Amino acid sequence: MTQLRHATTTKVAALGSIAALGCLALTGCGSNSLGGSSSTTASGSGSSSTAPAGSSTATLNSTLAAKVPAAIKAKGTLTIGSDASYAPNEFLGSDGKTVQGMDVDLFNAVATTLGLKTNFQNASFDTIILGVNSGKYDVGVSSFTINADREKQVAMVSYFSAGTQWAVKKGNPKKVDIGNACGLTVGVQKGTVEIDDLTARSKKCTSSGKKPITQIVEEQQSKVTADLISGKVDAMSADSPITLYAIKQTGDQLQTAGALYGTAPYGIVVPKKETALATAFSEALQALDKSGVYKNILAKWGNTSGAVTSFAVNPSVS
């Protein structure tokens with residue numbers, strides 16, 4: 001989150017009144033506000049308490065529910081790892097505990113279709129795949145960009161398309177040119193592919209005798225956004241939905257810099273051995289697309305431009 005949580009991931013919590021740098025408009029005033037780290041756990045059942053109204057339009061599909069592996073069906077509730085600092089995709093609600101957002105709505109709809117409930121757990125982004133592989137989480141839903149490296153570790157089900165988008169302060173006072181960012185200080189979230197992208201760009205700078213790009217890496221995307229607003233960094237790089245949402249939530253304080261690039265699909269993370277479960281997720285997404293629920297959820301969050309028509313298990317990516 002590569003603005004897409006490509007090989008890594010980025011996220012942004014919604015910023016409301018910047019004058020009160022203690023509370024984010026959508027994440028509330030809990031420990032997940034600007035720069036804070038939260039270990040709060042959010043849980044819910046299906047499309048009810050974990051997501052705002054929207055995902056509840058999904059209904060049980062008995063045919064697809066029958067394809068859920070027996071062990072998962074007996075368990076009934078999926079434990080999901082999600083880094084709730086990446087609005088509008090996943091973030092904490094005003095209670096400081098409930099994980100909500102576009103990804104949450106989408107996956108709650110998938111779960112409802114398959115007759116399952118959900119228990120979202122707030123986690124650091126770079127620990128989620130490890131948690132899925134260790135059995136701590138059944139699934140990872142956190143704007144994971146699908147790439148070859150991740151597909152070596154887990155199974156991934158595509159559900160959305162995003163790209164990398166930079167942002168700068170309104171008016172671009174530092175005259176940031178993303179094609180020539182040598183010598184700039186750029187904010188980025190820990191564990192995201194944006195870090196890989198910035199590292200490669202910086203190497204080109206130094207190879208040609210120019211100053212490197214200095215990365216200011218933060219644990220949460222909300223802090224990256226705050227760093228840009230305060231002037232600590234010249235620009236920030238994150239997934240397109242995150243950057244655009246941050247711009248919207250900060251009023252006239254930020255703007256995009258350069259064009260969107262590096263478009264790639266997001267994927268639901270599933271243990272590599274759970275191919276049947278991954279296939280069930282894929283078919284549930286297809287059903288949600290056919291019924292209109294999928295696009296309705298994207299529209300609710302202003303992200304219809306990222307809609308996909310193929311919900312593949314381990315799609316071929318570079």
Side-chain angles (χ1 to χ4, degrees), residues 1-13 15 18 34-35 85-87 89 125-126 143 145-149 161-266 303 305-306 317-318:
M1 261 225 136
T2 56
Q3 185 321 96
L4 318 175
R5 289 185 181 182
H6 274 190
T8 26
T9 307
T10 32
K11 304 171 183 182
V12 157
L15 296 175
I18 303 306
L34 292 177
S85 68
Y86 213 51
N89 295 0
F125 180 73
D126 57 354
S143 304
T145 299
I146 299 176
N147 58 33
D149 180 62
S161 179
T164 295
Q165 179 70 68
W166 288 37
V168 295
K169 295 189 75 170
K170 188 72 172 183
N172 195 8
K174 296 295 183 68
K175 306 302 179 186
V176 172
D177 175 2
I178 70 171
N180 182 24
C182 305
L184 295 179
T185 299
V186 181
V188 65
Q189 185 187 21
K190 179 182 179 181
T192 64
V193 174
E194 278 77 11
I195 289 179
D196 300 336
D197 177 50
L198 290 174
T199 299
R201 288 171 180 267
S202 185
K203 186 175 181 179
K204 288 183 179 180
C205 291
T206 55
S207 294
S208 60
K210 298 179 180 179
K211 293 182 179 179
I213 296 173
T214 300
Q215 296 182 34
I216 301 299
V217 182
E218 301 286 4
E219 184 72 26
Q220 295 187 336
Q221 178 59 40
S222 52
K223 184 60 167 63
V224 177
T225 305
D227 286 348
L228 178 57
I229 292 170
S230 70
K232 182 177 179 179
V233 298
D234 302 316
M236 77 175 194
S237 176
D239 288 0
S240 48
I242 308 325
T243 297
L244 295 175
Y245 192 71
I247 290 171
K248 179 181 179 181
Q249 293 300 313
T250 56
D252 62 354
Q253 299 191 62
L254 303 178
Q255 68 180 54
T256 59
L260 174 75
Y261 64 92
T263 302
Y266 280 166
N303 278 326
S305 62
V317 294
S318 58

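Predicted, not measured: the structure shown is a model, and the values here were computed from it. Below, each value reflects all heavy atoms present in this structure, side chains not excepted, and no hydrogens, waters or symmetry copies.
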Do Asp126 and Lys190 touch side chain to side chain, with heavy atoms closer than 4.5 Å?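 Yes, their side chains come closer than 4.5 Å.
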
Do Thr164 and Trp166 have side-chain heavy atoms sitting under 4.5 Å apart?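 SC-SC contact between Thr164 and Trp166 confirmed.
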
Hey, does the side chain of [X] reach the backbone of [Y] with a donor-acceptor pair shorter than 3.5 angstrom?
X      : Y      : result
Ser202 : Leu198 : no
Gln165 : Gly258 : yes
Arg201 : Cys182 : no

Going from [atom1] on [X] to [atom2] on [Y], what distance comes out if it is rounded to the nearest 0.5 angstrom?
X      : Y      : atom1 : atom2 : answer
Asp227 : Ser222 : CG    : OG    : 9.5 Å
Ile178 : Ile213 : CD1   : CD1   : 10.0 Å
Lys204 : Ser208 : NZ    : OG    : 10.0 Å
Asp197 : Gln215 : CG    : CD    : 9.0 Å
Gln253 : Ser230 : CD    : OG    : 10.5 Å
Ser237 : Leu228 : OG    : CG    : 11.5 Å

Consider side chain to side chain contact (heavy atoms under 4.5 Å, CB included). Of Thr225, Val188, Ile216, which one does Met236 pass it with?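 The passing option is Thr225.
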
Closest heavy-atom pair and its distance - Asn89, Ser143: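 Taking every non-hydrogen atom into account, ND2-OG, 2.8 Å.
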
Measure across Leu244 and Thr256 and return the closest heavy-atom pair with its distance rounded to 0.1 Å.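 Reported closest heavy-atom pair: CD2-CG2, 3.8 Å.
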
Step by step, work out the side-chain contact (heavy atoms from CB on, under 4.5 Å) result for Val233 and Val186. CA-CA 5 Å; Val233 298; Val186 181; 6.0 Å; no

Please enumerate all residues that pass side chain to side chain contact (heavy atoms under 4.5 Å, CB included) together with Thr206, with sequence neighbours excluded.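 Side chain to side chain contact (heavy atoms under 4.5 Å, CB included) list for Thr206, sorted by chain: Pro212.
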
Taking distance alone, no hydrogens or angles, what donor-acceptor pairs closer than 3.5 Å link side-chain atoms of residues 167-175 to residues at least two apart or in another chain?
residue : atom : partner : partner atom : Å
Lys169  : NZ   : Ile229  : O            : 3.2
Asn172  : OD1  : Lys175  : N            : 3.4
Asn172  : OD1  : Val176  : N            : 2.8
Asn172  : ND2  : Val176  : O            : 3.1
Lys174  : NZ   : Asp234  : OD1          : 2.7

